[in-house]
Amino acid sequence: MAVTSAGILPYRIAADGTVSALVAHMGGPYWSTKDEGAWSIVKGEYDPDGEAALDAARREFREELGLEPPDGEYAELGTFSYASGKRITVFVVDGAEFDVSDAVFGEFEMEWPPRSGRIASFPEVDRVEWVEVGRARELLVKGQRPALDRLDELVRASGR
């Protein structure tokens with residue numbers, strides 16, 4: 001069975017029409033020195049038989065950033081598949097007024113260093129930033145990049 005996740009991609013449009021998206025740099029020792037391909041939509045796994053995708057996305061947003069998701073009308077961008085078969089359903093919301101300065105990142109535990117027998121805690125994400133969509137395409141993991149294309153289509157269709 002494929003792993004299923006859901007996430008929220010807040011966006012904002014500057015006065016000059018530039019679209020930015022809120023993306024998160026993945027935490028933990030593997031990602032600490034990486035930049036391109038090391039960012040993600042704020043998301044997490046869920047069981048589609050036990051939870052609605054938007055509910056899961058909102059829960060994961062709270063868990064990973066320690067913030068309530070932005071208020072507003074959510075739109076489903078679609079479900080995107082990674083090469084590994086993992087699937088992510090992405091929702092967008094206008095985040096023009098959303099402030100991330102008080103984010104408190106959730107943590108996970110793993111054995112570190114590998115095969116040491118020691119368990120260490122790491123943040124799920126170590127920073128979150130508003131990034132212009134063109135640059136965000138370079139930063140996001142490959143399987144999530146089509147969501148930015150869909151966001152571009154949505155914004156253009158809205159005439160904003």
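Predicted model, so just to flag it, every value in this text is computed and none were measured.
At a cut-off of 3.5 Å, with distance as the only test, a side-chain donor of S40 or Q144 sits close to an acceptor on the other residue.
Hydrophobic clustering, with ILVMFWY side chains joined whenever heavy atoms are under 4.5 angstrom apart, keeps F98 apart from L154. Residues F105 and M26 do not share a hydrophobic cluster, defined by chaining ILVMFWY side chains whose heavy atoms lie under 4.5 Å apart. Under the 4.5 Å side-chain heavy-atom criterion for Ile, Leu, Val, Met, Phe, Trp and Tyr, I88 and L140 are members of the same hydrophobic cluster. V93 is connected to L54 through a chain of hydrophobic side-chain contacts under 4.5 Å among Ile, Leu, Val, Met, Phe, Trp and Tyr, so both are in one cluster. Both W39 and Y30 are assigned to one and the same hydrophobic cluster, defined by single-linkage of ILVMFWY side chains at heavy-atom distances under 4.5 Å.
The two atoms that bring A53 and A6 nearest to each other are O-CB, 3.3 Å, heavy atoms only. Residue G95 comes nearest to R12 through the heavy atom pair C-CB, 4.3 Å, listed as atom of the first residue, atom of the second, then distance. Considering every non-hydrogen atom in both V141 and G37, the closest pair reads CG1-O, 3.3 Å. The two atoms that bring Y46 and A52 nearest to each other are CE1-C, 4.3 Å, heavy atoms only. In terms of heavy atoms, A136 sits closest to L148 at C-CD1, 3.6 Å. Heavy-atom minimum distance, R59 versus E51: NH2-OE1, 2.8 Å.
Contact check on R156 versus D149 returns no salt bridge, with no Lys/Arg side-chain nitrogen under 4.0 Å from an Asp/Glu carboxylate oxygen.
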* Apply side-chain contact (heavy atoms from CB on, under 4.5 Å) to L151 and V155, showing your working. => CA-CA 6 Å; L151 174 61; V155 170; 4.0 Å; yes
* Stepwise side-chain contact (heavy atoms from CB on, under 4.5 Å) check, W31 with D126 -> CA-CA 9 Å; W31 301 105; D126 55 25; 5.9 Å; no
* May I have the step-by-step check of side-chain contact (heavy atoms from CB on, under 4.5 Å) for R150 and V90, ending in yes or no? => CA-CA 10 Å; R150 190 74 53 82; V90 179; over 6 Å; no
* **Worked check of side-chain contact (heavy atoms from CB on, under 4.5 Å) between F91 and R58** => CA-CA 10 Å; F91 297 89; R58 293 176 64 84; over 6 Å; no
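We find the CZ-CZ distance between R87 and F80 to be 10.5 Å, quoted to the nearest 0.5 Å. Between atom OH of residue Y11 and atom CG of residue D94 there is a gap of 4.5 Å, rounded to the nearest 0.5 Å. Between I41 atom CD1 and L77 atom CG the span is 7.5 Å, to the nearest 0.5 Å. E60 contributes atom CD, which lies 4.5 Å from atom CD of E63 (distance to the nearest 0.5 angstrom). To the nearest 0.5 Å, the span separating OH on Y74 from CG on L9 amounts to 11.0 Å. Atom CZ of R118 is separated from atom CD of E109 by 14.5 Å, given to the nearest 0.5 angstrom.
Checked against side chain to side chain donor-acceptor pair (under 3.5 Å), D47 has no partners two or more places apart in sequence or in another chain.
A distance-only check finds a donor-acceptor pair linking the side chain of H25 to the backbone of K34 [under 3.5 Å]. Under a 3.5 Å cut-off, the side chain of E132 and the backbone N or O of G134 do form a donor-acceptor pair. With hydrogens and angles disregarded, a donor-acceptor distance shorter than 3.5 Å links the side chain of E111 to the backbone of G117. At least one donor-acceptor pair under 3.5 Å links the side chain of R145 to the backbone N or O of R137.
Around the CZ atom of F108, the shell of radius 6.0 Å holds more than 12 heavy atoms that belong to other residues, nucleotides or ligands.
Side chains of R62 and E68 form a contact here, defined as non-hydrogen atoms less than 4.5 Å apart.
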